[in-house]
Amino acid sequence: MKNVKFSSAINASAKKVWQVLWSDTTYRQWTSSFQEGSYAVSDWKEGSKIQFLTPKGDGLFSLIEESKPFERMTFKHLGEVKDFKEQPDTKESAEWKGSKEIYTLNESDGTTTLEVSLDSSNEFAEYFEKLFPKALEIVKQLAEKPVIITIEAEVTAPIEKIWEHWTEPSHIVKWNNASDDWHTTHATNDLKVGGKFLSRMEAKDGSFGFDFEGEYTALEPKKKIEYKIADGRKVAVDFIKQINGYKIVSSFEAEEENTLELQQGGWQAILNSFKKNVENN
């Protein structure tokens, strides 16, 4: 076995780099350097199993030996996967069983140094030495600019009704929630460029709440809305004519605290709530 190491200096926080490395959407992008369509199946928790797979279901199964958010991720490789099935040990796999792949993040003055160390057979060392720098360059590119998440829903209703429900506070408080145990208790909306909006979102049990607020930066009535939320992230919403209604497409810059999948799921749930409210009222 041979230990190979790689390093990349990334102008982003360790949280952002960690998010890019292990969120499904971006993980698929940077690992495409090794095999187009590569993905991982895991809950990403320390002590859990993980499968690294190609679209054909071939790859490795491993153990997440260490997961220290924003600092270190260690995989211990255990065996092969073929046709989505974990294989028993062979003479070849026994030679690399127990090998490790370690990702270490160190942040200083806004720059994160990502270091990768992995044990490889001599046969594959050259392969990794050729492709890993390309993969880390994709990680760098993704981390150094906002990650854009897009959600959409088709709403069967005239644009006048859709626009009214989207912009009027009396309607916003009825649909602006991602689940039944949350609600919007209060909303204001000054619908003009430079105007501000606010929705007070709270758990119904009173355990938590926050203000979702921002300022409009562009506006085309019944066509497009752009705004910047309080933390500086940008959002764009397009209302696109369809045969039986309108498609609403919302694109927003992801934050760094939560996985991309969690953010997409939450925003999509609110948009689904909007669709249901418009079509049923």
Side-chain angles (χ1 to χ4, degrees), residues 10-31 39-50 64 66-75 103-107 110-112 114 138-153 172 175-185 197-215 226-237 248-274:
I10 303 172
N11 295 319
S13 68
K15 286 185 177 181
K16 181 68 175 296
V17 177
W18 183 270
Q19 181 189 64
V20 167
L21 284 171
W22 313 126
S23 289
D24 180 68
T25 302
T26 44
Y27 176 85
R28 290 172 184 261
Q29 293 181 55
W30 69 267
T31 57
Y39 67 103
V41 177
S42 179
D43 62 9
W44 296 99
K45 296 179 180 178
E46 185 171 291
S48 293
K49 183 181 291 186
I50 183 169
I64 300 178
E66 180 182 21
S67 177
K68 193 173 183 181
F70 323 128
E71 294 184 24
R72 183 186 294 262
M73 179 76 84
T74 301
F75 303 113
Y103 296 75
T104 304
L105 287 70
N106 290 292
E107 182 180 350
T111 297
T112 298
L114 169 60
I138 295 175
V139 172
K140 178 179 174 69
Q141 292 174 6
L142 290 170
E144 289 185 347
K145 62 182 181 181
V147 175
I148 306 300
I149 298 175
T150 300
I151 59 171
E152 62 181 54
I172 293 171
W175 59 261
N176 191 33
N177 58 280
S179 60
D180 290 339
D181 53 351
W182 278 77
H183 61 167
T184 293
T185 59
F197 64 87
L198 181 147
S199 293
R200 177 62 186 177
M201 306 177 76
E202 296 183 356
K204 289 183 178 179
D205 64 5
S207 60
F208 187 71
F210 64 94
D211 291 336
F212 181 78
E213 56 187 322
E215 180 178 325
E226 294 182 5
Y227 59 89
K228 181 170 62 176
I229 54 182
D231 61 9
R233 292 184 292 133
K234 298 176 182 178
V235 182
V237 186
I248 301 174
V249 180
S250 178
S251 299
F252 63 94
E253 296 178 347
E255 43 91 350
E256 300 177 7
E257 294 293 332
N258 298 294
T259 66
L260 303 180
E261 293 72 37
L262 184 62
Q263 294 178 64
Q264 183 170 24
W267 283 61
Q268 184 68 57
I270 293 174
L271 183 55
N272 292 345
S273 177
F274 173 80

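With Q264 contributing its side chain and I151 its backbone, the two residues share no donor-acceptor pair below 3.5 Å. With E256 contributing its side chain and S13 its backbone, the two residues share no donor-acceptor pair below 3.5 Å. Judged purely by atom type and a 3.5 angstrom limit, T150 has no side-chain atom pairing as donor or acceptor with the backbone of S251. Put simply, the side chain of Q268 gets close to the backbone of E152: a donor and an acceptor are under 3.5 Å apart. Distance alone, capped at 3.5 Å, places no donor-acceptor pair between the E66 side chain and the R72 backbone. Between the Q19 side chain and the E255 main chain, a donor and an acceptor come within less than 3.5 Å of each other. One N or O on the side chain of T26 and one on the backbone of V20 form a donor-acceptor pair closer than 3.5 Å. When atom types are taken as modelled, the side chain of E107 and the backbone of A14 share a donor-acceptor pair closer than 3.5 angstrom. Panel note: side chain Q29, backbone I138; no donor-acceptor pair is recorded below 3.5 Å.
The shortest heavy-atom contact between K145 and Q141 is CG-O, 3.3 Å. What you find for G266 and A178 is that their closest heavy atoms are O-CB, 3.8 Å. Taking each heavy atom of E226 and A236 in turn, the nearest pair found is CG-CB, 4.0 Å. Nearest heavy-atom pair, A143 versus A12, reported as atom, atom and distance to 0.1 Å: O-CB, 3.4 Å. When all heavy atoms of E215 and F197 are compared, the closest pair comes out as N-CE2, 3.8 Å.
Rounded to the nearest 0.5 angstrom, W182 CH2 and F208 CZ are separated by 5.5 Å. Here I229 contributes atom CD1 and D211 contributes atom CG; the two are 13.0 Å apart, rounded to the nearest 0.5 Å. Atom-to-atom distance recorded for D181:CG and D205:CG is 7.5 Å, nearest 0.5 angstrom. Atom CH2 of W175 sits about 8.0 Å away from atom CG of L271, to the nearest 0.5 Å. A distance of 10.0 Å separates CG in L198 from OG1 in T184, rounded to the nearest 0.5 Å. Separating the CD1 atom in I149 from the CD atom in E253 is a distance of 10.5 Å, to the nearest 0.5 Å.
Here the side chains of N176 and M201 are in contact, with some heavy-atom distance below 4.5 Å. No side-chain heavy atom of Y103 sits under 4.5 Å from any side-chain heavy atom of W18. Side-chain contact between W44 and I50: present, with at least one pair of heavy atoms (C-beta onward) separated by less than 4.5 Å. Side-chain contact between L21 and M73 is absent, with no heavy-atom pair separated by less than 4.5 Å. Looking at heavy atoms from C-beta onward, W22 lies out of side-chain contact with T259 at the 4.5 angstrom threshold. Using a 4.5 Å cut-off on side-chain heavy atoms (C-beta onward), K16 and I10 make no contact. Using a 4.5 Å cut-off on side-chain heavy atoms (C-beta onward), F75 and I64 make contact. For the pair V237/I248, a side-chain contact is recorded, criterion being any heavy-atom separation below 4.5 Å from C-beta on.
Ion pairing of R200 with E202 is present here, as a side-chain N (NZ or NE/NH1/NH2) and a carboxylate O approach within less than 4.0 Å. Between K15 and E257 there is a salt bridge, since at least one side-chain N of the basic residue sits less than 4.0 Å from a carboxylate O of the acidic one.
For the side chain to side chain contact (heavy atoms under 4.5 Å, CB included) with T112, the qualifying choice from V17, N106, N11 is V17, the only one to do so.
Applying the 6.0 Å contact sphere to NZ of K204 captures more than 12 heavy atoms from other residues, nucleotides or ligands.
Classified by interplanar angle (parallel below 30°, tilted 30° to 60°, perpendicular above 60°), the ring pair W30/Y27 is perpendicular.
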Derivation of the side-chain contact (heavy atoms from CB on, under 4.5 Å) call for S67 and K45: CA-CA 7 Å; S67 177; K45 296 179 180 178; over 6 Å; no
